[in-house]
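Here is the naming used below: chain letters follow the sequence lines, and residue numbers restart at 1 for every chain.
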There are 2 protein chains.
Amino acid sequence: MKKQLFPLVTADIALFTLIEERLSVLLVQRANEPFIGQWAIPGGVLDPSTDSDLEQTARRILQSKINVKPGHLEQVKTVSGAVRDPRGWSISILFSALLPADQVPAVVGDKTQAVQWCDPQNCGHKLAFDHQELLEAALEGLRKKVRNRALPLHLLPSKFTLTQVQRVCERVLGQELDKGTFRRQLRENADLVELEGEYVRGAQRPAQLYTAAPGFVFKDA
Amino acid sequence: MKKQLFPLVTADIALFTLIEERLSVLLVQRANEPFIGQWAIPGGVLDPSTDSDLEQTARRILQSKINVKPGHLEQVKTVSGAVRDPRGWSISILFSALLPADQVPAVVGDKTQAVQWCDPQNCGHKLAFDHQELLEAALEGLRKKVRNRALPLHLLPSKFTLTQVQRVCERVLGQELDKGTFRRQLRENADLVELEGEYVRGAQRPAQLYTAAPGFVFKDA
DNA sequence: GCAATAGTGTCTATTAGACAATATGGG
DNA sequence: CCCATATTGTCTAATAGACACTATTGC
């Protein structure tokens, strides 16, 4: 290990969305050393000359490499150490981001990077660096918030039905929820606003559309 | 603001303990620029040549500057940005540490630094950098865990009574708790082990002593 | 009418909160 | 005995979980 005065600082992002009702996380195939060719969650190095803080680093990376502005972005934790990156002492600030299902088509890799939506529980790749651990931490953070009654509305389009809200919570938690109980709890919160007169129609009773209340944030009680 | 390729990386620690039944946080008076003479939570810069990761940075700082090994140390969050430190682009990884009440006498400042235990709610000083915000985040993190049933046993000596456990939770939360309810919930957890035959005596009925269960960690359910 | 999903209600078990009652030492 | 605190119990209100029921559309 070479001596160094300063660590390498990166922001890495676990970007979640819903694809065909399944919770999915974006992986990218690394186009550079180290771990070239391996899959990883998207990330990039801090640029002090352009980033006002590390959240901006994360937003810049998502914008430039993935072409998305996430609906929600928050810090999960920071990992660090002398050996986690072969280039030397490094720090990674891990973010968790939520992308509405209807914005998934906008996601692209750049010329040199393939991207892929994967099951966060079982992504099917051996990930680069300690990204497996980072992914697990991000998923657990997301689940913890949903268990604590936070609604991941940022995974849904801006108008949605109560059943969709239930589905997204179920897919995040990985378990079915009781409809009656779930809706009773939604009623006790004030997070949702009924869109009067707006319904989704199908081969059954129409479903009332809702939207997030003004000032809504994905936050537990 | 001067151009720089690398940010300054520091670990800052909100070190909590109980002093005369009151929750207290350690502040130090800064001996160096910037903010010389102002009060701050203890912290120091990462040394990649000695620290295997940032948790070790925090431990090294607590050991060398304050002379303590905390009973519990965990990450709270990371703050960063171009302007939070007048020296330039900086990152601070905030830790929260718990020190058992019976280890408080060991705490010292070094020759150049005064130290002081303060009320974290109202420390009575204008703190350096963004340390007021950091202190609030650390306190809120601590409270959130205790609200979620985590027991801050690391603030107590290794043997303690149930009343002491209740007191420490009350002081962290800043509100009184019901004795019957609190003890019922303790019984339902398996965090505590009764020390058979060991009691605290006073001018009243003796109180059973307990200790943390093997493998206990300060963690919410 | 039937299928399918939306939306509501109801019963019971569990848990929280308030408070009372009892227990056991020292003096 | 009396005081102080430990420890336990009890009643009620609130909440969660399981499940059943009704409602409204397209076909």
Side-chain angles (χ1 to χ4, degrees), chain A residues 18 20-21 143-151 153 156-157 159-211 220-221, chain B residues 18 20-21 143-151 153 156-157 159-211 220-221:
Chain A
L18 279 181
E20 292 162 15
E21 301 260 295
R143 288 185 165 168
K144 187 166 182 173
K145 290 182 77 159
V146 173
R147 275 198 302 270
N148 278 18
R149 306 282 159 74
L151 300 177
L153 302 183
L156 294 175
K159 299 180 180 186
F160 46 78
T161 67
L162 298 187
T163 301
Q164 282 180 291
V165 178
Q166 186 180 341
R167 287 283 170 274
V168 72
C169 290
E170 288 174 339
R171 297 321 156 101
V172 168
L173 295 176
Q175 69 181 246
E176 310 254 299
L177 299 173
D178 180 79
K179 183 164 56 165
T181 306
F182 187 78
R183 293 165 98 105
R184 178 173 56 209
Q185 288 165 357
L186 288 184
R187 255 177 273 126
E188 285 156 11
N189 286 2
D191 282 344
L192 304 185
V193 180
E194 185 179 318
L195 290 166
E196 225 171 304
E198 299 195 52
Y199 298 92
V200 171
R201 296 175 173 280
Q204 68 279 341
R205 174 171 175 177
Q208 176 69 56
L209 278 170
Y210 290 79
T211 195
D220 47 357
Chain B
L18 279 182
E20 291 163 15
E21 301 261 295
R143 287 185 166 168
K144 188 167 182 173
K145 290 183 77 162
V146 173
R147 275 197 302 270
N148 279 21
R149 305 283 161 74
L151 300 177
L153 302 183
L156 294 175
K159 299 181 179 188
F160 46 78
T161 67
L162 298 186
T163 301
Q164 281 180 291
V165 178
Q166 185 180 343
R167 288 282 171 273
V168 72
C169 289
E170 287 174 339
R171 297 320 157 99
V172 167
L173 295 175
Q175 71 181 239
E176 310 254 301
L177 300 172
D178 180 79
K179 183 165 51 167
T181 306
F182 187 79
R183 293 166 97 106
R184 178 172 55 209
Q185 289 165 356
L186 288 185
R187 255 178 274 126
E188 286 157 10
N189 286 4
D191 282 346
L192 302 186
V193 180
E194 186 178 317
L195 290 167
E196 223 171 307
E198 299 195 51
Y199 298 91
V200 170
R201 298 175 171 283
Q204 68 277 340
R205 175 171 174 177
Q208 176 68 55
L209 278 169
Y210 289 80
T211 195
D220 46 358

Discussion item. Main chain of Gln185(B), side chain of Glu188(B): is a donor-acceptor contact present, judged purely on distance under 3.5 Å?
Written reply: no
Practice prompt. Return the value, rounded to whole Å, for the distance between atom CD of Gln208(B) and atom C1' of dT5(D).
Written response: 15 Å
Worksheet, complete the sentence: Atom CD of Gln175(A) and atom P of dA16(D) are separated, to the nearest Å, by 14 Å
Worksheet item: From dA4(D), dA6(D), dG7(C), pick the nucleotide closest to the side chain of Lys179(A)?
Response: dG7(C)
Worksheet item: What is the nucleic acid contact for Thr161(B), judged by heavy atoms within less than 4.0 Å: base, sugar-phosphate only, or nothing?
Response: nothing
Worksheet item: Do you know which two heavy atoms are closest between Val172(A) and Arg143(A), and how far apart they sit?
Response: O-NE, 2.8 Å
Practice prompt. Take atom CD of Gln204(A) and atom P of dT5(C), then tell me their distance rounded to the nearest Å.
Written response: 6 Å
Worksheet entry | Between dG9(D) (C1') and Asp178(B) (CG): distance, integer Å | 12 Å
Response to the item:
Expected list for residues 180-201 of chain A near DNA chain C, using heavy atoms below 4.0 Å, is Gly180(A), Arg183(A), Arg184(A)
Worksheet item: So what does Ala203(A) touch, heavy atoms closer than 4.0 Å: a base, only the sugar-phosphate, or nothing?
Response: base
Worksheet entry | Closest to the Pro206(A) side chain, choosing from dT24(C), dG7(C), dT24(D) | dT24(D)
Practice prompt. Answer yes or no: does a side-chain N or O of Arg149(B) lie under 4.0 Å from OP1 or OP2 of dA16(C)?
Written response: yes
Response to the item:
Heavy atoms of Phe160(A) and Val165(A) approach each other most closely as CD1-CG2, 3.5 Å
Fill in: Atom-to-atom span, CD of Gln166(B) to C1' of dT5(D) - whole angstrom
12 Å
Practice prompt. State whether the side chain of Gln166(A) and the backbone N or O of Leu177(A) hold a donor-acceptor pair below 3.5 Å, judged by distance alone.
Written response: yes
Practice prompt. Could you check if a side-chain atom of Asp191(B) sits within less than 4.5 angstrom of a side-chain atom of Leu186(B), using non-hydrogen atoms only?
Written response: no
Worksheet item: When you measure from the side chain of Arg205(B), which nucleotide among dT8(C), dT25(D), dA6(D) comes out closest?
Response: dA6(D)
Practice prompt. Could you tell me which non-hydrogen atom of Asp220(A) sits nearest to which non-hydrogen atom of Ala150(A), and how far apart they are?
Written response: N-CB, 3.8 Å
Fill in: Value in whole Å for how far the P atom of dG17(D) lies from CD of Glu170(A)
13 Å
Item to complete: Using atom CD of Glu176(A) as one end and atom P of dA16(D) as the other, report the distance to the nearest whole Å.
Response: 19 Å
Item to complete: Measure from the side-chain N and O atoms of Gln208(A) to the backbone N and O of Leu195(A), and report whether any donor-acceptor pair falls under 3.5 Å.
Response: yes
